[in-house]
Number of protein chains: 2
Amino acid sequence: MKPTVHDIARHAGVSLATVDRVLNGRAGVRGITRQKVEEAIASLGYVRDLAAANLAKGRTYRFSFVLPVNDNSFMIGLKREVEAAIGRSAAERTHMDIIEVPAFDAGALVAALEAVMADKPDGVALVAIDEPRVRACVERLADAGIAIVTLVSDLGASSRHHYAGIDNIAAGRTAGNLMGRFLSKVDDRVGVLAGSMMVRDHRERLEGFLSVLSEDFPQVAILPVMEARDDAGVAEAMVREALRRHVGLNGIYSLGAGNRGLIRALRDLAAETRPVVIAHELTTSTREALVDGTIDAVLNQDAGHEVRSAIRVLKAKADGLPVLAAQERIRIDIFLKDNLP
Amino acid sequence: MKPTVHDIARHAGVSLATVDRVLNGRAGVRGITRQKVEEAIASLGYVRDLAAANLAKGRTYRFSFVLPVNDNSFMIGLKREVEAAIGRSAAERTHMDIIEVPAFDAGALVAALEAVMADKPDGVALVAIDEPRVRACVERLADAGIAIVTLVSDLGASSRHHYAGIDNIAAGRTAGNLMGRFLSKVDDRVGVLAGSMMVRDHRERLEGFLSVLSEDFPQVAILPVMEARDDAGVAEAMVREALRRHVGLNGIYSLGAGNRGLIRALRDLAAETRPVVIAHELTTSTREALVDGTIDAVLNQDAGHEVRSAIRVLKAKADGLPVLAAQERIRIDIFLKDNLP
DNA sequence: GAATTTTTGAGGTACGTAAATCAAAAATAG
DNA sequence: CTATTTTTGATTTACGTACCTCAAAAATTC
């Protein structure tokens, strides 16, 4: 049987009250007595029953998710996953809410975080914007004893406790490796379709992609980056234009959103002249394109995993427990048409 | 505030005892009364507090892991993950033990399962051998009300409740797709290194691999399968022999264990003449080979995830709770040298 | 050694649920 | 209508921990 506080009391020859004082760091225990209790705890291998403790404390976890209002499939899916988690949280003693802020607006994000801080939740998960004001604000939250997890997009050199998202440099490198190997290896020219170079994830993906191509596939020429601001219409126009101008264009890496437009532009091409295409995020449209051969590979981050991981980490931090790094690592999924879920 | 049993009693105008009878399916409640209580439960949105319930019941989960004694890195890692989970389970009310059985021995596996059944655990996870006697035995365990999860290797058409492992046909197809695209596309010859065609995973991987190659890359010729019985020494000899005999061999798919031998055989080759190599399971040696370019891609199943998923599922089944399919899907990881964890 | 402060013990209540007992009430059978 | 059975209520204890109070004991100060 698992030892309880009663066992410790008996074993240490003290009362239950004293054990409680030691366990919960309350004052009024002599050093010698404290030591006796601690020895008993160690020798019996006592671990506090968190469920019973939370029940007694009437503890409830309160977490806030600060998400950007964004109409791309990924962000919509992310919000849906948070809502699903909220739906399931009825059974657990967890209250979560979603706070929506305008996308790419650091000021609005900071304002939202300040508001969140006011009602002192146990933890906050946010899709970060990598900006000094945001970093400073996160610092304040952390100082206020609130657990902070960045979601999808990280914050450089800040006091966030955890990042639930993929390594975007590695993702870009992976795309570069696949691109280099999928190409026919003669006179290759590759285009990159991005959302905006203002966003950290996109910058990092591009960085990784370019570095692998230049290191391992120096024969590949890279065209100027197309910035389509994650807009399908703009993306379509840009890709059409690029295909027209560069007849030998035989590779496209789409590292942002707006893939619907890219796919529309590609569908017109004959299968033989189709470039190798690698895109990000598995959505209805990229999935379809993968199946019918318009896209060759999709790199994906699983929004559901990210949300569940964020919640696990917030809970662990709130309890002062360690996090299982291996479990919480968000992986870069590589989907070909043969391993679709 | 979350409604409690007291709220239900008040709302339904019955006593606590009656609510308890309804909630726990005890006899002695008239249909009309039962209905009143159920309506109160529905209208208040009551969900039983599992932590409190388990505390009151003094419930402990007892699970058994039946693992093959096998000296390859993957199985050693799997066992280590189970041990790690056992180590963490101190905090939860969960008792788990590991039962080791000789590998590839259906009789021994059945005997072990029978022994396990004798002390009536709440759940059993096993690395299955796809064999009629095993299927029948699993059937008996399930009938005895024990939750059954197959781990890594599944059981066809049986009454196991869940499979915590990858789709091996999809894994083989993925390997085939990557192989077809990585090859130079002229006069390609590919060798397959397997453990044994007696094992379901290996058969399925081969099946998927061959079907993709014949569908999408018909110009690729496939040499007879080398069965190295997951032994590094045998694998090394076979690969050396194949490389000697078939000068144009430019692709190798290693779908089983014993990669250490494969890598030894490959290291002797000049980088230019090195075939495209795709292997399974990320271990110290395959990881090293990936980094130095001896292996081009590694397909992996995360043993840690499989074990944690198995435990979550066993617990859910023991509680009669639904399983979150999206969370429990074990993914086929594709590792290139650029996205190593 | 007395007065004061600090430490410890004993005991209770609470959290939300399970499970039991026994008596009271209601329904059904004869 | 009585006897019997079934249903319901009231109450209690328990799970393991937290947190509180009050008194007793021990240590410290003067």
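A, B, ... follow the sequence lines: proteins, then strands. Residue 1 opens every chain.
- Figure legend: B/R59 and B/Y61 shown as a cation-pi pair, the cationic atom lying under 6.0 angstrom from the six-membered ring centre and within 45 degrees of its axis.
- Nucleic acid contact class of B/N54 (heavy atoms, under 4.0 Å, all strands): none.
- When rounded to the nearest whole Å, the span between CZ of B/R10 and P of D/dG9 equals 14 Å.
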Next item on the list: Go through the steps to decide whether B/R135 and B/D130 satisfy the test salt bridge (charged side-chain N to carboxylate O under 4.0 Å, His left out), and finish with yes or no.
Entry: CA-CA 7 Å; B/R135 275 198 290 273; B/D130 195 18; 2.7 Å; yes
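- Heavy atoms of A/G58 sit nowhere under 4.0 angstrom from any nucleic acid atom.
- In terms of phosphate contacts, B/R30 brings a side-chain nitrogen or oxygen within less than 4.0 Å of OP1 or OP2 of C/dA27.
- In this structure, the CD1 atom of A/I32 is 12 Å from the C1' atom of C/dT6, given to the nearest Å.
- The base of C/dG9 sits with one of its N or O atoms less than 3.5 Å from a complementary donor or acceptor on the side chain of A/R21.
- D/dC22 atom P lies 19 Å from atom CG of A/L16, rounded to whole Å.
- Computed from coordinates, the A/L55 CG to C/dC15 C1' distance equals 4 Å when rounded to whole Å.
- Close to C/dG9, at under 4.0 Å from its OP1 or OP2, lies a side-chain N or O of A/T18.
- A salt bridge does not link B/R48 with B/D319: none of the charged nitrogens is closer than 4.0 Å to a carboxylate oxygen.
- The side chain of B/S15 lies closest to D/dA10, out of D/dA10, C/dG16, D/dT17.
- Residue contacts for A/G13: at a heavy-atom cut-off of 4.0 Å it reaches the sugar-phosphate backbone alone, with no base atom in range.
- In summary, the side chains of B/H305 and A/R331 do present a donor paired with an acceptor at a separation below 3.5 Å, with no hydrogens or angles considered.
- Within the structure, a side-chain polar atom (N or O) of B/R48 is placed less than 4.0 Å from OP1 or OP2 of C/dA18.
- Taking atom CZ of A/R34 as the reference point, atom C1' of D/dA27 lies 17 Å away to the nearest angstrom.
- Using a 4.0 Å cut-off, some side-chain N or O of A/R26 falls inside it from OP1 or OP2 of D/dC19.
- Taking a cutoff of 4.0 Å between a charged side-chain nitrogen and a carboxylate oxygen, B/R93 and A/D49 qualify as a salt bridge.
- Of the candidate nucleotides C/dC15, C/dT17, C/dA19, C/dA19 has the atom lying nearest to any side-chain atom of B/K57.
- Mapping B/A17 and B/A56 onto DNA chain C by nearest heavy atom places B/A56 closer to the 5' end of the strand.
- As judged by a 4.0 angstrom heavy-atom cut-off over every strand, A/D49 is placed among residues touching the sugar-phosphate backbone only.
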